[in-house]
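Below is one structure; the comments refer to it alone.
Just so it is clear, the structure is predicted and the values come from calculations on it, not from any experiment. Indexing begins at 1, ligand by ligand and atom by atom, following the structure's order. As a basis for the values below, the full set of heavy atoms in this structure was taken, side chains included, without hydrogen atoms, waters or symmetry mates.
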Amino acid sequence: MLVNTKILFEKAQEEHFAIPSANFLDMEGIKSHVKCAEETGLPLIIAIAESHLGPNMTLEDAANVGRKYAKEASVPIVLHLDHGESVETCKKAIDLGFTSVMIDASMKSFEENVATTKEVVEYAHARGVVVEAEIGHVASNFNQNDTETLYTTAEEAAEFAKQSGCDSLAISIGTAHGVYKAKAIPEISFDALASIRQATNVPLVLHGGSGSGDDNLNRCAREGICKVNVYTDLYLAAMKEVKESGAEDYLTLRNAVQKGLNDCLKHYYKVFETKPVK
Ligand code: 13P
């Protein structure tokens with residue numbers, strides 16, 4: 001069934017687990033992620049980043065295909081816009097039937113981030129859609145122009161959640177998007193997580209899950225993160241399967257992609273201790 005994040009995050013907060021947000025790039029990704037959720041009987045957030053939209057998967061395609069498979073699923077599925085770059089894209093995604101959007105104004109000033117997020121929140125809430133925002137900044141190892149990590153403080157997280165009215169908040173406590181340089185597992189500031197958790201009740205989200213270490217992520221899930229975004233590891237796993245399969249025809253290749261995605265997502269369900277939500 002197609003849902004927004006509300007009841008999922010309530011249960012995740014009460015029972016100290018996290019729900020994976022699995023990025024997809026195309027229809028194979030959507031189908032594979034939803035199938036994995038159904039096989040495990042667990043809720044899932046399927047997400048597409050605005051930067052991954054293009055001729056192969058437009059926002060309309062993502063809405064049409066994502067909604068279809070989410071609606072038909074036997075478990076709760078959220079269709080989420082990841083890293084929405086403008087108010088306009090978020091509004092368009094909401095109009096098309098996404099049940100959750102992220103507005104990422106984390107590189108703007110605190111005041112501008114609040115104002116931008118509030119605009120999306122007002123539009124979304126009038127339509128039953130939830131909004132994720134980001135305070136502090138999770139840097140990216142994909143993008144040479146986006147390498148500066150800004151750690152989130154408890155004070156700004158609490159104030160931002162109060163002023164913006166966002167439904168969930170992405171915080172920066174040591175992870176980064178993409179493959180870590182030197183392949184080292186990052187150091188997570190669990191003290192920062194604890195103080196942010198103390199300062200606000202807003203559901204907390206962690207970006208840059210890939211390569212962040214299973215023990216780290218498990219502890220994040222137990223200590224107050226209720227959604228972890230995973231992209232890079234899913235597609236690295238898919239590529240590994242493709243190489244190992246020695247695929248020489250398209251159907252073998254596609255099966256290998258789906259197996260890689262499926263195995264990796266199952267692994268993260270275990271790491272995050274995700275529980276069923278009725
Ligand atoms: P990774 O690619 O590091 O898993 O990050 C995913 C993410 O945060 C998407 O928003």
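With hydrogens left out, the protein atom closest to atom 10 (O) of ligand 1 is D82 OD2, 2.6 Å, a heavy atom. The closest protein non-hydrogen atom to atom 4 (O) of ligand 1 is S210 OG, 2.5 Å. Residue, atom and distance of the protein heavy atom nearest to atom 3 (O) of ligand 1 are G178 N, 2.9 Å. Ranking protein heavy atoms by distance to atom 8 (O) of ligand 1, first place goes to G208 N, 2.8 Å.
With salt bridges taken as basic N to acidic carboxylate O contacts below 4.0 Å, one links E273 and R222. Between R219 and D215 there is no salt bridge, since none of the side-chain N atoms of the basic residue sits less than 4.0 Å from a carboxylate O of the acidic one. The residues E72 and K68 are annotated as salt-bridged, a charged nitrogen and a carboxylate oxygen being separated by less than 4.0 angstrom.
Heavy-atom contacts of H83 reach the following atoms of ligand 1: 10 (O) (cutoff under 4.0 Å). Per-residue contacts place H207 under 4.0 angstrom from the following atoms of ligand 1 (heavy atoms of the residue considered): 8 (O), 10 (O). Taking every non-hydrogen atom of N23 and a distance limit under 4.0 Å, the qualifying atoms of ligand 1 come out as 9 (C).
Considering CD of E28 and NZ of K35, their distance stands at 11.0 Å, rounded to 0.5 Å.
If you run side-chain hydrogen bond (donor to acceptor under 3.5 Å, both in side chains) between S100 and each of K6, E132, H80, only H80 comes through. Exactly one of H33, H207, H52, H83 qualifies for a ring-ring contact (aromatic ring centres under 6.0 Å, His included) with Y231. That residue is H52.
Nearest to atom 2 (O) of ligand 1 by heavy-atom distance, out of V138, T232, L206, is T232.
At a heavy-atom distance under 4.0 Å, only backbone atoms of A176 (N, CA, C or O) approach ligand 1.
The closest approach between a heavy atom of V230 and any atom of ligand 1 is below 4.0 Å.
Relative to the six-membered ring of Y123, R127 meets both conditions, a distance below 6.0 Å and an angle of at most 45° to the axis.
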